[in-house]
Number of protein chains: 2
Amino acid sequence: MAVTTRRADAQRNIAAILTAAAECLTRDPAASTSEIAKAAGVGRVTLYGHFPSRAELVDAVFVQAIATGEQTLGQVDLTGDPRDALARLIESSWQLVDQYRALLLAAQDALPPGRVQELHADPMARVERLLERGRAEGVFRTDLPTSWLVSVMHNVMHGAAGEIQAGRITSEQAAPYITATLLGAFAPA
Amino acid sequence: MAVTTRRADAQRNIAAILTAAAECLTRDPAASTSEIAKAAGVGRVTLYGHFPSRAELVDAVFVQAIATGEQTLGQVDLTGDPRDALARLIESSWQLVDQYRALLLAAQDALPPGRVQELHADPMARVERLLERGRAEGVFRTDLPTSWLVSVMHNVMHGAAGEIQAGRITSEQAAPYITATLLGAFAPA
DNA sequence: CTCTTGTCGAACACCAGTGTACGAGTTACG
DNA sequence: CGTAACTCGTACACTGGTGTTCGACAAGAG
């Protein structure tokens with residue numbers, strides 16, 4: 001792109017803003033541009049110099065989060081018994097969901113509807129492929145659409161985050177609970 | 001209380017505001033007091049005459065919604081095979097969740113944290129009792145806390161509402177999908 | 001019929017956030 | 001070193017909501 005020639009300090013500031021925004025939005029999904037700028041050690045004006053609006057900043061942070069998440073998930077071994085593979089995938093996914101939970105909320109009310117869904121396409125496809133394989137091998141149920149099963153997984157994980165916040169379960173219990181629940185839910189009838 | 005003597009038109013207005021608020025908040029969880037007052041055919045000042053703040057209005061609407069919901073759920077037959085009873089309970093609960101979904105969002109960011117949870121105590125207890133009975137009879141799993149199973153049910157239902165909004169499933173498919181999923185998830189290992 | 005209770009609209013103060021404008025100062029890059 | 005790119009703080013305009021105040025007016029209760 002034409003922006004190849006960015007002065008070094010500008011690049012540094014962009015990076016600082018991005019990481020500060022990730023932190024702030026994780027702490028409070030409604031964090032203001034002032035807070036973020038301050039956390040980045042930068043003037044609010046400078047922030048607007050790099051990101052035309054709060055929404056575009058949130059978008060950038062979210063895109064980055066998805067990208068690093070994808071990198072993590074890409075290293076999960078999805079071969080072997082689909083049930084074991086699912087357990088491994090849940091373990092990794094859960095870490096990410098737990099970590100980026102608040103960021104998701106921020107994205108959901110700062111970004112246009114559908115945008116969040118759009119950016120989730122890759123991780124969702126990964127889950128879908130695994131489920132399809134499990135169905136073909138007869139270890140996962142086929143009486144419900146794959147997309148529904150994916151959404152169940154998604155919602156159970158986010159529900160677990162809520163249970164932690166409510167203090168009804170601990171962070172360590174979450175993954176096994178989720179795994180046990182989903183393996184039951186996905187088993188053939 | 002001392003408010004036994006409310007003029008007739010005042011009572012009418014309170015009722016009008018309450019139903020209008022329910023409608024508006026269902027359409028848009030962030031509906032303003034102006035919108036609600038207008039929808040109720042009442043001046044904004046009148047609204048503040050009856051409800052000291054937007055939050056207290058939302059609370060009142062939410063309390064009312066829970067109460068009518070409880071009335072519906074109270075008529076569900078929970079005897080017999082716990083799995084069949086659960087299916088019936090899901091059917092009824094789903095109607096309510098689908099209907100009051102947006103209202104819940106409104107409550108969640110207008111009410112102090114924990115308040116929503118607090119008001120959900122009764123419906124949650126009902127589910128919990130049924131699950132406990134099913135566990136005692138050996139048809140539901142006992143390797144996970146009942147409260148976790150309740151939260152799974154809750155989240156799967158709200159997830160279904162999201163899937164409808166995303167256009168991936170229809171309103172009629174939801175209940176059977178939810179039932180099939182939860183019966184699988186709750187079955188003993 | 002009277003008087004208390006309630007209603008109305010318009011106006012106001014307030015707040016918190018977003019995004020812009022300016023001008024002076026600073027920093028990297030060649 | 002000079003210049004273009006960048007940053008800074010302050011200040012401003014704007015938006016959109018909340019909650020209050022006022023005085024005039026209407027309606028129900030006894």
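Source: prediction; values computed, not measured. Quick note on labels: first sequence line is chain A, next is B, and so on, each numbered from 1.
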Considering just the side-chain nitrogens and oxygens of B:R44, establish if one lies under 4.0 Å of OP1 or OP2 belonging to C:dT7. no

Without decimals, in angstroms, what is the distance between B:D9 CG and C:dT7 P? 5 Å

Rounded off to whole Å, could you give me the CG-to-P distance for the B:D28 and D:dG16 pair? 14 Å

Within the structure, does a side-chain N or O atom of B:S32 lie under 4.0 Å from either OP1 or OP2 of D:dG17? no

Treating Ile, Leu, Val, Met, Phe, Trp and Tyr as nodes and any side-chain heavy-atom pair under 4.5 angstrom as an edge, say whether B:V45 and B:I17 lie in one connected cluster. no

How are the rings of B:F186 and B:F140 set to each other: parallel, tilted or perpendicular (split at 30° and 60°)? perpendicular

Whole-Å distance separating the NZ atom of B:K38 from the P atom of C:dA10: 11 Å

Let me know the distance between CD1 of A:I17 and C1' of D:dT7, rounded to the nearest Å. 11 Å

Distance check: side-chain N/O of B:H50 vs OP1/OP2 of C:dG6, anything under 4.0 Å? no

Which nucleotide in the list C:dC8, C:dG19, C:dC29 gets nearest to the side chain of A:A8? C:dC29

From CG of B:L57 across to P of D:dT18 the rounded distance in Å is 10 Å

So which one's nearest nucleotide on DNA chain D is more toward 5', A:G41 or B:R54? A:G41

Send over the distance from B:N13 CG to C:dT7 P, rounded to a whole Å. 5 Å

By nearest atom, which of the nucleotides D:dT10, C:dT18, C:dT27 is closest to the A:T33 side chain? C:dT18

For the side chain of A:V45, counting heavy atoms from C-beta on, which of D:dC8, C:dC8, C:dA28 is nearest? D:dC8

Verify whether one side chain among B:T68 and B:Y100 offers a donor that lies under 3.5 Å from an acceptor in the other. yes

Sidechain N-carboxylate O distance under 4.0 Å for B:E35, B:K38: no

Distance, rounded to the nearest Å, where A:R12 contributes CZ and D:dC8 contributes P: 11 Å

How do B:L47 and A:A30 order along DNA chain C: which one's closest nucleotide is nearer the 5' end? B:L47

Taking D:dC8, C:dA10, D:dG19 as options, the one with an atom nearest any side-chain atom of B:Y48 is D:dG19

Check this for me, if you would: do B:E118 and B:R115 make a salt bridge, where the nitrogen-to-carboxylate-oxygen distance has to be below 4.0 angstrom? yes

Nucleotide C:dG6, atom P - distance to CZ of B:F51 in whole Å: 14 Å

